[in-house]
Amino acid sequence: MNATASETGLAEPHLAEVLAAVGLDVEYVRAEGNTLYRLDEDQREVPVLDFVGGFGSLILGHNHPEIVAFAQDLLRSRLPIHAQFSRAPHANRLAAALNSVLSRELGDDERYFAIFANSGAEAVEAAVKHAEFDRMLKVAALSEEINDHVARIRTLVRDGLVVPAAGAHERFGDADRSGDPVRDIEELIARVDRWNAPRLSRAPLFLAPEGAFHGKLVGSVQLTHNEAFRTPFKALAAQARFVPLDQPEAIRKTIDAERTVLLDLAVEDGTVTVVERDFPVFCAFVLEPIQGEGGINVVSREFAEAVRKACDAIDCPVVVDEIQSGMGRSGAFLASSLIGLRGDYYTLAKSLGGGVAKTSVALIRESRYRKEFELVHSSTFAKDGFSSLVALKVLELLEADDGRLYRVVEERGRSLRAMLDAVRAEFPDILKDVRGAGLMLGVEFQDQSGSTAATIQGLSRSGFLGYAVAGYLLRGHGVRLFPTGSAANTLRLEPSAGLTDAEIAQLEAALKDVCAVLRDQDEGRFMAS
Ligand SMILES: Cc1ncc(COP(=O)(O)O)c(C/N=C/c2cc(O)cc(-c3ccccn3)n2)c1O
């Protein structure tokens with residue numbers, strides 16, 4: 001069925017046309033576990049094996065029976081879902097439950113304070129706002145400290161207790177001044193003020209790895225590396241400096257390149273000297289421990305250590321974005337704990353809602369938390385009763401039986417990975433790489449822009465090969481998976497923990513078939529509807 005814009009209605013008509021062009025514009029009528037159901041011409045249900053997994057939001061699968069039953073009970077109970085500005089027992093319990101999991105996983109009891117939101121990008125926005133709120137308070141404190149020093153030293157000079165050091169003006173290119181200490185200190189203070197003023201209002205910067213994806217809202221999209229998503233809106237928000245994931249040393253170099261100093265006055269041995277004070281340019285380093293939208297790139301332990309070391313040196317918080325990699329998807333609650341990366345902030349979303357609610361959270365460690373932030377940030381639907389209780393149920397299921405579900409994810413991920421590696425070994429000319437951890441895996445197809453088949457060549461050169469492969473797998477094998485806008489040749493696999501051997505086998509047959517068609521350059525079969 002090839003829908004046109006008028007038939008698809010007004011919701012993203014162009015995207016609908018793209019999906020239609022590669023046969024992905026299917027309407028689903030029911031979903032359970034790893035299966036979506038569509039209707040055929042005779043209105044009969046046809047199962048589709050779903051590896052898109054809600055872009056990582058379905059670690060428990062579509063409509064998990066315990067989650068659905070729990071949600072139904074909540075609605076039947078007529079619980080207050082929107083009772084803003086009242087005690088929020090459910091949200092507090094959820095924050096406490098998240099802290100228990102973090103304490104278990106991180107091995108210490110430092111508390112994390114929760115700022116709840118409704119979507120992943122909104123949690124990132126909250127984290128970014130809090131980090132900037134924190135940075136501005138640091139800037140204000142530094143500025144006040146310098147002003148206090150200046151005022152105290154002005155008095156000391158006027159009282160004849162200290163004098164400006166010989167050469168105090170050197171950094172401004174001048175020789176010594178009049179010799180009158182009172183006049184000299186006023187000139188020095190004026191020069192320090194003129195140096196500091198523009199720097200105090202310098203816009204903050206962020207750090208993020210190349211390939212980063214943190215959402216598409218105003219602030220978060222500037223942390224997303226994909227230029228198509230980011231650059232049209234760069235005038236709206238603080239910019240990020242992106243560092244290559246395979247160059248940990250680039251982090252320190254990037255920080256040094258942006259180093260900004262304020263000037264301060266100090267007294268040494270009775271004389272006044274000018275000293276430098278580092279200005280906090282960087283607001284936060286934001287990174288995913290496993291990049292999703294960027295094409296399933298696993299951050300190395302070496303890179304994680306370089307991030308932590310560089311950020312500690314400049315007192316810059318590390319925001320670990322676990323929106324896609326978290327909630328058990330890697331085989332641990334946090335994928336970052338597998339690479340020894342400790343976050344100052346964490347963001348969680350997607351599977352936190354159990355596949356039936358929309359909720360997200362930014363968690364901020366107590367040592368960095370600014371409680372005044374609560375007075376300036378809020379959201380109508382955040383921490384609502386329904387989402388909070390569903391999220392509590394999700395954590396209960398993840399943590400049950402001493403974390404049995406994480407071990408299931410790890411074992412299912414190993415089985416899926418083993419199959420993918422075997423298919424790649426059989427078709428190295430078609431499959432370039434298999435990457436990821438747990439049940440967050442990616443299969444990268446070889447570039448086909450040199451194909452002798454014009455259609456395959458054209459699709460590859462236009463960045464649609466991955467979508468065309470996805471269309472073939474859906475039409476020919478009833479298997480659903482997608483590439484992403486930032487890694488068009490990498491199909492991502494994010495099934496639920498309920499993945500069965502039969503589902504792995506079905507995917508194996510589908511992948512081997514599409515690899516054979518591409519090896520044969522059989523564009524007729526490849527594009528058959
Ligand atoms: C690490 C991370 N941080 C913040 C976000 C933003 O969350 P929201 O989408 O809930 O605002 C995401 C959400 N991910 C969205 C996503 C992830 C992905 O891997 C693919 C696609 C996608 C979307 C459309 C078409 C193809 N791919 N979308 C994320 O993965």
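The chain is numbered in sequence order, starting from 1. Counting starts at 1 for both ligands and their atoms, in listed order.
- In this structure, Phe213 has a heavy atom closer than 4.0 Å to ligand 1.
- Remark: ligand 1 and Glu288 share no N or O pair separated by less than 3.5 Å (distance only, no angle test).
- Here Asp108 pairs with Arg342 in a salt bridge; the nearest charged N to carboxylate O distance falls below 4.0 Å.
- In the vicinity of Gln324, heavy-atom distances shorter than 4.0 Å reach the ligand 1 atoms 17 (C), 18 (C), 19 (O), 30 (O).
- Under the 4.0 angstrom criterion, atom 9 (O) of ligand 1 counts as lacking any protein heavy-atom contact.
- Aromatic ring centroids of His377 and Phe133 lie 6.0 Å or more apart.
- At a cut-off of 3.5 Å, with distance as the only test, a side-chain donor of Glu399 or Tyr406 sits close to an acceptor on the other residue.
- By the criterion of a heavy-atom distance under 4.0 Å, the side chain of Arg492, and not its backbone, is placed next to ligand 1.
- At the shortest separation from atom 11 (O) of ligand 1 among protein heavy atoms lies Ala121 N, 2.9 Å.
- The shortest N or O to N or O distance between Gly120 and ligand 1 is under 3.5 Å.
- Checked by atom type, the side-chain pair Thr455/Glu523 shows a donor-acceptor distance below 3.5 Å.
- Each of the atoms 19 (O), 20 (C) of ligand 1 lies under 4.0 Å from some heavy atom of Thr484.
- In this structure, Glu444 pairs ionically with Arg435, as a charged nitrogen and a carboxylate oxygen lie closer than 4.0 Å.
- The shortest N or O to N or O distance between Asp321 and ligand 1 is below 3.5 Å.
- We find the CG-OG1 distance between Leu348 and Thr359 to be 10.0 Å, quoted to the nearest 0.5 Å.
- Taking distance alone, with nitrogen or oxygen atoms compared against 3.5 Å, Tyr467 stays at or beyond that limit from ligand 1.
- Near His214, the atoms of ligand 1 lying under 4.0 angstrom from a non-hydrogen atom of the residue are 3 (N), 4 (C).
- Side-chain contact between Phe482 and Phe55 is present, with at least one heavy-atom pair separated by less than 4.5 Å.
- In terms of protein heavy-atom proximity, atom 25 (C) of ligand 1 is closest to Phe55 CZ, 3.8 Å.
- Look at Arg414 and Glu411 and you find no salt bridge, because none of the NZ, NE, NH1 or NH2 atoms lies under 4.0 Å from a carboxylate O.
- Checked by atom type, the side-chain pair Asp134/Tyr369 shows no donor-acceptor distance below 3.5 Å.
- The closest approach between any non-hydrogen atom of Lys350 and ligand 1 is below 4.0 Å.
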